[in-house]
Amino acid sequence: MSVVQTIRSAAATAIKELYKQDIPVDDIAINVTKPEFEGEYTIVVFTFTKFSRQKPEETGNTIGTYLAARFPELIAGFNVVKGFLNLSINNDYWVQYLQSNFNNRNVGHKPANGKKVMVEYSSPNTNKPLHLGHLRNNFLGYSIAEILKANGYEVVKANLVNDRGIHICKSMLAWQLFAHGDTPESTGIKGDHLVGDYYVKFETLLKEQAEPIIARVLENDFRDFSGADLERVEKLGALLHKPEIHADKEKSDKIHDEIKELARNKTEIMQQAKIMLQQWEAGNPEVRTLWSTMNGWVYQGFDVTYKRLGIDFDKIYYESETYLLGKDLVEDGLRKGVLFKKEDNSVWIDLTNDGLDQKLLLRGDGTSVYMTQDLGTARLKYDDYQMDLSIYVVADEQNYHFKVLKLILEKLQEPAAEGVFHLSYGMVELPHGRMKSREGTVVDADDMITEMVNTSAQHTKESGKLKDFSEDELQRLYEVIGLGAMKFFLLRVDPKKRMIFNPEESIDFHGFTGPFIQYSHARIKSILREAGVTDTSHLDTYRHNDSLLPLEKSLIMLNEQFGEVLEDAQKEMSPSVIANYAFKLAQEFNSFYAEKVDGKYTYSIVNAESEEKKNLRLQIITHTVHTIRRSMELLGIEVPERM
RNA sequence: GGACCGGUAGCUCAGCUGGAUAGAGCAGCUGCCUUCUAAGCAGCAGGCCAUUGGUUCGAAUCCAAUCCGGUUCACCA
């Protein structure tokens with residue numbers, strides 16, 4: 001049990017004995033004592049005055065006296081300031097904690113809880129390479145999976161690849177038209193980038209072809225349209241000429257966008273892409289062959305990137321194999337009366353009682369939509385793994401979708417419903433706004449990695465250390481540091497907040513960063529080497545004749561808090577909790593390391609003032625090195641032995 | 001318009017299950033490398049915690065309203 005929990009339960013005992021009150025242990029507020037006061041942890045006693053019927057100070061004193069008398073092995077002393085009961089924890093308690101935990105390489109780990117969880121993340125489209133937004137998704141998913149594992153869950157990491165659809169056909173068509181048979185091998189271009197280049201070509205051509213159509217619409221020439229589209233576009237054209245709309249930029253922009261979308265659909269190239277999609281669905285052998293060939297190139301490219309990022313999966317689902325699922329759920333739903341049909345044979349669910357709208361699940365022609373697929377996939381995943389929890393790492397623009405998905409599953413009484421959890425995260429934006437592929441402002445993942453690795457190489461060279469490293473070792477180190485900087489940058493912020501990335505300023509290597517923590521790790525390792533301590537070395541028991549010095553104590557305390565931090569990170573579903581903690585610990589270690597009085601290190605380890613102190617400090621930094629390493633591993637970040 | 005998310009130092013963010021004088025990093029300014037790695041340490045400066053009201057012994061934190069920014073409400077995925 002953690003120290004904080006131990007104090008809580010001791011306080012609960014005190015309150016029960018003193019005031020005959022049963023209060024829930026978690027209702028007892030415990031803070032770390034402010035540095036200006038004596039003590040390590042503080043109980044807030046204001047709330048107890050209700051039943052103590054004493055002033056806060058008296059209440060604090062009464063409880064403090066009781067605790068010191070009843071739990072002397074834990075509480076060495078106390079003082080009361082206003083309604084705050086500051087507790088001094090017995091040095092022996094810290095030392096005992098340290099001695100039984102300092103060499104635990106899996107600090108903070110919870111035993112298996114028998115629960116299974118699936119984390120779906122990454123889920124890329126196979127028509128273009130990964131970009132910065134995907135990186136946040138990948139790092140988050142990987143990290144959450146690791147955090148869940150450390151909290152005792154059995155984890156399945158899943159990737160649902162979006163490998164079919166109109167966007168894939170766009171790349172395929174453009175390749176057919178312009179590539180003259182080019183392949184990754186013939187061009188030397190990474191497969192996902194090659195395919196992405198043709199996607200861009202398609203979009204360029206599409207834009208070219210759409211322009212004259214848009215121009216005609218704006219001049220009230222609707223010859224490109226017929227049927228329902230004609231009606232719609234005529235209406236939009238008329239709206240646009242109304243002065244009140246013309247004056248409202250937001251509204252007129254919206255109308256322009258819709259006209260643009262309608263026009264894009266009428267282009268020749270778009271028509272061809274749609275035909276190709278139909279051919280794909282019909283199983284046309286030529287189209288299918290092209291499809292699997294080009295997807296193969298993309299996968300080769302993705303594999304390289306995933307490998308470099310250290311991202312992996314236990315299970316890969318392909319949308320081409322799941323996109324027809326869900327129809328049987330719809331049949332079930334109709335039978336149960338949860339769903340209903342409209343005149344045109346389309347199938348809907350009415351969510352108006354839940355404050356939402358009606359939602360379409362099958363079109364009039366019987367084809368399914370995104371939601372239908374996701375319902376089917378949810379059932380498939382559950383049939384495959386019967387997990388207790390199913391996490392979807394997906395950007396917050398899909399909040400509504402997942403709310404509806406869970407609700408529909410509940411209404412259909414699917415067993416998968418309960419576990420559905422949308423781990424929603426904010427978009428990564430540029431200083432000028434969202435990344436837009438059509439405007440070429442997308443930050444490519446591979447470019448980004450290369451840049452980070454180059455920067456780390458530059459920093460390393462400037463430091464002038466590591467002259468004895470081989471070229472391979474150096475290259476390996478640059479990767480570890482560059483990726484560490486990038487991963488930490490994207491994980492240190494609360495997932496649900498959107499974040500701004502400024503490519504001009506790039507990512508820092510100083511301060512609250514991955515390299516800072518990696519550096520602290522390397523520093524400790526260096527001391528351990530100097531002291532001749534290895535993983536298997538036996539450290540003598542510290543005979544605690546002297547009291548603990550301030551930073552010795554605070555480092556032990558911080559290390560001891562890791563278990564609670566790990567639980568918090570899981571409860572909050574937020575790796576940033578770990579990132580903040582790891583930084584604080586590294587920072588504390590650096591203060592410990594560097595403190596000097598009159599030119600002498602206060603906490604010298606190799607040249608400590610006594611053998612006992614040397615052993616104590618070696619234990620402290622050994623614990624710290626394990627905690628830092630574990631924290632970073634939970635973020636998917638490696639820590640170097642030297643840097 | 002409805003729903004959801006955010007607004008804390010010049011910038012990027014912690015703190016938000018109510019607790020002491022609101023914390024970090026970056027940027028700016030001072031110092032510190034003969035001694036376990038200066039990707040570091042110590043310090044200075046920087047705040048009407050969006051606004052207004054409420055609840056409370058106590059509010060950045062909870063409630064209400066307002067303002068600003070974002071996302072979403074497709075027979076797209």
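Here is how names work: the chains are called A, B, and so on, in the same order as the sequence lines, proteins then strands, and each is numbered from 1. Basis for what follows: all heavy atoms, side chains included, without hydrogens, waters or symmetry-related copies.
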Anti/syn call for B/C44, syn if |chi| within 90°: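 Anti, angle beyond 90° from zero.
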More than 12 heavy atoms from other groups under 6.0 Å of NZ on A/K266: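 Yes, the 6.0 Å shell around NZ holds more than 12 heavy atoms from other groups.
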Considering residues at least two apart in sequence or located in another chain, which fulfil the salt bridge (charged side-chain N to carboxylate O under 4.0 Å, His left out) criterion with A/K406?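 Listed in chain order: nothing, the list is empty.
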With sequence neighbours left out, write down each residue that passes ring-ring contact (aromatic ring centres under 6.0 Å, His included) with A/Y318, or none if nothing qualifies.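 A/Y299.
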Could you measure between the two C1' atoms, the one in B/A22 and the one in B/G28, and give it in whole Å?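 Result for the C1' pair: 22 Å, nearest Å.
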Nearest-Å distance, CG (A/L430) to C1' (B/C11)?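 About 16 Å, once rounded to whole Å.
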With a 4.0 Å cut-off on heavy atoms, is [X] in touch with a base, just the backbone sugar-phosphate, or nothing at all?
| X | answer |
| --- | --- |
| A/Y603 | base |
| A/T367 | nothing |
| A/H510 | sugar-phosphate |
| A/F583 | sugar-phosphate |
| A/F512 | sugar-phosphate |

Closer than 4.0 Å, any side-chain N/O of A/K465 to the OP1 or OP2 of B/A39?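 Answer is yes, contact under 4.0 Å.
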Residues which pass side chain to side chain donor-acceptor pair (under 3.5 Å) with [X], listed by chain and number, not counting sequence neighbours:
| X | answer |
| --- | --- |
| A/E40 | A/W94, A/K553 |
| A/S591 | none |
| A/S122 | A/N138, A/Y306 |
| A/K465 | none |

Base of B/A20, side chain of A/T42 - is there a donor-acceptor contact under 3.5 Å?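 Pair found.
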Between the base of B/U35 and the side chain of A/K596, is one N or O donor paired with an acceptor at under 3.5 angstrom?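 Indeed there is one.
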What pairs with A/A485 under side chain to side chain contact (heavy atoms under 4.5 Å, CB included), at least two apart in sequence or on another chain?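 Counting only residues at least two positions away or on another chain, A/A485 forms a side chain to side chain contact (heavy atoms under 4.5 Å, CB included) with A/M452, A/I507, A/F509, A/P515.
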For A/D357, give me all partners under side chain to side chain contact (heavy atoms under 4.5 Å, CB included), at least two apart in sequence or on another chain.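 With neighbours one apart ignored, the set is A/Y400.
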Any donor-acceptor N/O pair, A/D344 side chain to A/S346 backbone, under 3.5 Å: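 Yes, because the side chain of A/D344 sits within donor-acceptor range (under 3.5 Å) of the backbone of A/S346.
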Do nucleotides 70-77 of chain B as a string where each nucleotide becomes B, S or -: B if the base has a protein heavy atom under 4.0 Å, S if just the sugar-phosphate does, - if no protein is that close. -SSS-BSB
Atom pairs under 3.5 Å: protein N/O with N/O of nucleotides 41-46 of chain B:
{"residue": "B/A42", "atom": "OP1", "partner": "A/S591", "partner atom": "OG", "Å": "2.9"}

Considering only residues two or more places apart or on different chains, which pairs with a residue in residues 25-36 of chain A satisfy side chain to side chain donor-acceptor pair (under 3.5 Å)?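 For residues 25-36 of chain A, and leaving out neighbouring residues, the side chain to side chain donor-acceptor pair (under 3.5 Å) pairs sorted by first residue read A/T33-A/T42.
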For RNA chain B, please output the secondary structure as dot-bracket, reading 5' to 3'. Pairs are Watson-Crick or G-U wobble, both atom distances under 3.5 Å; mark crossing pairs with [ ], other-strand partners with |, unpaired with a dot. ((((((((.[[[[.)...(...]]]].(((((.......))))).....[[[[[..)....]]]]])))))))....
